[in-house]
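One structure below.
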Amino acid sequence: MMEKNMRRVILLSLILAIFLVGFEDLDLVRFTVINKSGVELGIRLEDKKEEILYYLTVPTGDREYPTEKTFTIKRGEYNMVVY
């Protein structure tokens, strides 16, 4: 019985290690937008070095009730255009 539990622990540890090694290359950051403009926002982020393009939308918010939205994106230097 003890041997079976030990095998499970080792197997789960190996699976977790494989996932962690696979995600090591991902360098992600949180990008938070607070919309107080009174209109819906469209935000385009473009990283020319790695050819990454994001188009993000943030619902309408105002000064009294701002809308906050958080996105997870790859770390980099982006050109930003707000629509």
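Residues take their numbers from the sequence shown, with the count starting at 1.
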**Prompt:** Between atom CD1 of Ile43 and atom OH of Tyr55, what is the distance when rounded to the nearest 0.5 Å?
**Reply:** 9.0 Å
**Request:** Tell me whether Ile34 is reachable from Leu41 by hopping between hydrophobic residues (I, L, V, M, F, W, Y) whose side-chain heavy atoms are closer than 4.5 Å.
**Result:** no
**Message:** Hydrophobic clustering (ILVMFWY, side-chain heavy atoms < 4.5 Å, transitive) - are Tyr54 and Val29 grouped together?
**Reply:** yes
**Asked** Checking Thr67 side chain against Thr60 main chain: does a donor-acceptor pair fall under 3.5 Å?
**Response** yes
**Message:** Does any part of the side chain of Phe31, heavy atoms only, come nearer than 4.5 Å to the side chain of Leu45, both counted from C-beta?
**Reply:** yes
**Item:** Under the side-chain contact (heavy atoms from CB on, under 4.5 Å) test, residues paired with Leu53 that sit two or more places apart
**Value:** Arg44, Glu46
**Request:** Could you pull out the closest heavy-atom pair between Asp47 and Gly76, with the gap in Å?
**Result:** OD2-CA, 4.0 Å
**Prompt:** So, the side chain of Tyr78 versus the backbone of Ile52: is there a donor-acceptor pair under 3.5 Å, distance only?
**Reply:** no
**Message:** Whether the side chain of Asn35 engages the backbone of Pro59 through a donor-acceptor N/O pair (distance < 3.5 Å, no angle test) should be reported.
**Reply:** yes
